[in-house]
Participant: 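Input: one structure, supplied below.
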Amino acid sequence: MQKDLLTPPARAAVLLEALSKAANALRAYTAVNIGVEDSRQRLALALAVHTVEFSGEIVPGSPYDTMIVKAVLAPVPEGLEAALPKALSDTNMRAWRKAALAFIIPRAAEAMDLARRAFESRSVQIFYDRLEFLSAQADAWLILNESWQNGTGPREALNLERKALEIDRDNPIIWASAGSNLLLLDQPLEAISSLESALALNPDLSQALYLRGIAHMRLHQLALAESDFSQALKLEPGNPEWLRARGAVRMLKEDYASMCKDFFEACSLGDCEGLALARKRGLCQTQ
């Protein structure tokens with residue numbers, strides 16, 4: 001029982017340790033030093049460009065069947081040189097991974113501290129309830145990471161996210177990621193339900209607000225979509241993709257002055273797709 005309880009947080013902890021080493025190694029690449037601003041972003045990038053395998057063995061005669069868990073990271077099949085530019089350009093996925101890491105890092109650390117105290121006291125029972133809770137969160141996080149592996153389609157990823165939610169329904173990142181995949185499967189109503197569960201747990205989860213805005217837009221609920229995009233941009237100003245999305249809603253609402261303002265700002269940040277479309281329609285000719 002104790003071994004099963006401690007294995008998920010142990011896996012999470014050794015994965016975080018391996019990621020830290022991999023993230024430091026990525027600093028050898030100039031593009032990483034230029035394009036990644038903080039240590040947690042580097043952890044997210046390392047997770048994006050490596051595959052993960054776990055191994056474990058029981059230490060004979062040890063208390064509570066102590067298991068030594070190891071995490072082995074390997075570059076994704078296409079290699080780091082090919083994978084890094086794609087991962088660096090995928091800012092949304094890095095944001096997801098960064099948010100998930102922010103959620104699990106303190107919980108994995110707490111779990112391992114409790115495991116140490118349980119070992120020293122020769123009793124898991126007094127720590128059992130909290131360890132069980134943290135173990136479930138670690139287990140769900142590991143499944144979420146599996147759903148994000150390269151090559152996983154939205155339906156397979158959604159199935160994994162639902163499996164994770166059976167274990168831990170209190171992680172807003174899992175709800176939001178499921179909402180993202182429901183959008184990819186063209187299920188906007190179901191996506192809104194999942195994203196609202198995420199926002200109930202974390203009202204400041206900007207990615208969830210943006211995705212809910214996309215879902216409202218697909219349902220032609222333009223006022224709700226504009227409100228979600230505006231809330232997301234208050235939390236994360238200057239996101240060019242989100243500015244373009246709000247501009248697109250304002251185009252549909254025929255609010256052309258506000259639309260052009262969004263498209264000009266998005267273009268100044270490198271996303272000129274909306275502005276180009278508007279100009280083809282004779283709009284936004286001058287700033």
Side-chain angles (χ1 to χ4, degrees), residues 34-38 41 44-45 48 85-99 102 154 172-173 175-200 202-287:
I34 294 173
V36 183
E37 62 272 19
D38 61 43
Q41 284 275 21
L45 183 63
K86 183 169 67 174
L88 284 166
S89 66
D90 192 349
T91 54
N92 281 333
M93 180 48 75
R94 276 198 290 131
W96 283 117
R97 287 188 165 98
K98 182 179 177 181
I173 309 301
W175 285 108
S177 187
S180 176
N181 282 307
L182 284 163
L183 275 175
L184 290 173
L185 294 168
D186 198 24
Q187 298 179 43
L189 283 172
E190 292 83 353
I192 287 172
S193 177
S194 188
L195 293 163
E196 287 181 346
S197 293
L199 290 164
N202 182 0
D204 294 334
L205 189 58
S206 55
Q207 297 102 319
L209 284 164
Y210 164 71
L211 288 169
R212 191 175 67 177
I214 294 293
H216 283 310
M217 193 173 175
R218 289 192 187 174
L219 295 168
H220 304 287
Q221 299 168 338
L222 301 183
L224 291 172
E226 183 178 12
S227 175
D228 278 344
F229 293 146
S230 294
Q231 288 183 67
L233 284 162
K234 283 180 183 178
L235 293 165
E236 193 175 324
N239 185 307
E241 183 180 354
W242 300 359
L243 284 163
R244 172 164 52 85
R246 188 173 66 178
V249 168
R250 289 171 168 175
M251 175 184 282
L252 293 171
K253 293 178 67 179
E254 299 184 359
D255 180 2
Y256 296 130
S258 298
M259 173 201 74
C260 290
K261 182 179 177 182
D262 281 342
F263 285 163
F264 279 125
E265 186 176 352
C267 191
S268 73
L269 295 165
D271 187 337
C272 296
E273 184 179 332
L275 183 59
L277 176 62
R279 284 182 167 171
K280 283 183 180 180
R281 300 182 180 186
L283 302 166
C284 307
Q285 298 301 314
T286 57
Q287 188 163 359

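All values below come from the heavy atoms of this structure, side chains included, with hydrogens, waters and symmetry mates left out. Numbers here simply count residues along the sequence, with the first being 1.
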Participant: Compare all side-chain heavy atoms of D186 with those of R218 and state whether any distance is below 4.5 angstrom.
Facilitator: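 Heavy-atom side-chain distance check passes, below 4.5 Å.
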Participant: If you measure from CE on M217 to CG on L211, what distance do you get to the nearest 0.5 Å?
Facilitator: 13.5 Å
Participant: Can any side-chain N or O of R279 pair as donor or acceptor with the backbone N or O of C284 at less than 3.5 Å?
Facilitator: yes
Participant: I need the L243 CG to S230 OG distance, nearest 0.5 Å.
Facilitator: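 Output value for this atom pair is 9.5 Å.
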Participant: If you take all heavy atoms of Y256 and M251, which pair is closest and at what distance?
Facilitator: CE2-O, 3.9 Å
Participant: Can you measure from OG (S180) to CD1 (I214) and round to the nearest 0.5 angstrom?
Facilitator: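 Between atom OG of S180 and atom CD1 of I214 there are 10.0 Å.
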Participant: Using the ring-ring contact (aromatic ring centres under 6.0 Å, His included) criterion, which residues pair with Y210? Sequence neighbours excluded.
Facilitator: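 Y210 satisfies ring-ring contact (aromatic ring centres under 6.0 Å, His included) with F229, W242 only.
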Participant: Using modelled atom types only, decide if a donor and an acceptor are shared between the side chain of R94 and the backbone of A48 within a distance under 3.5 Å.
Facilitator: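 Checking the backbone N and O of A48 against the side chain of R94, no donor-acceptor pair under 3.5 Å is found.
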Participant: List the atom of L195, the atom of R212, and the distance in Å for their closest heavy-atom pair.
Facilitator: CD1-N, 3.4 Å
Participant: Report yes if the side chains of D38 and K98 come closer than 4.5 Å at any heavy-atom pair, otherwise no.
Facilitator: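 Yes; the side chains approach each other to less than 4.5 Å.
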Participant: Decide yes or no for I173 and L205: does some side-chain heavy atom of the first lie under 4.5 Å from some side-chain heavy atom of the second?
Facilitator: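 Counting from C-beta outward, I173 and L205 do come under 4.5 Å.
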Participant: Checking E196 side chain against S194 main chain: does a donor-acceptor pair fall under 3.5 Å?
Facilitator: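 It does not hold such a pair.
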Participant: Working to the nearest 0.5 angstrom, can you tell me the gap between E254 CD and M259 CE?
Facilitator: 10.5 Å
Participant: Nearest heavy-atom pair of D271 and P240: which atoms, and what distance?
Facilitator: CB-CB, 3.7 Å
Participant: With E226, which of R250, Q221, Q231 fulfils side chain to side chain contact (heavy atoms under 4.5 Å, CB included)?
Facilitator: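 That would be R250; it is the only one of R250, Q221, Q231 passing the side chain to side chain contact (heavy atoms under 4.5 Å, CB included) with E226.
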Participant: What distance do S227 atom OG and R246 atom CZ have between them, rounded to the nearest 0.5 Å?
Facilitator: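 S227 atom OG to R246 atom CZ measures 10.5 Å (nearest 0.5 Å).
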Participant: For A215 versus I192, what's the shortest heavy-atom pair and its separation?
Facilitator: CB-CG1, 3.5 Å
Participant: Tell me the closest heavy-atom pair linking G238 and L233, and the distance in Å.
Facilitator: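 Smallest heavy-atom distance, with atoms named: N-CD2, 4.3 Å.
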Participant: So, do L219 and L224 sit near enough that their side-chain heavy atoms are less than 4.5 Å apart?
Facilitator: no
Participant: Can you tell me how far SG of C272 sits from CZ of R244, rounded to the nearest 0.5 angstrom?
Facilitator: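 Going from the CZ atom of R244 to the SG atom of C272 covers 10.5 Å.
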Participant: Taking all atoms of both residues into account, what is the closest heavy-atom pair of P188 and L183, and its distance?
Facilitator: CA-CD2, 4.3 Å
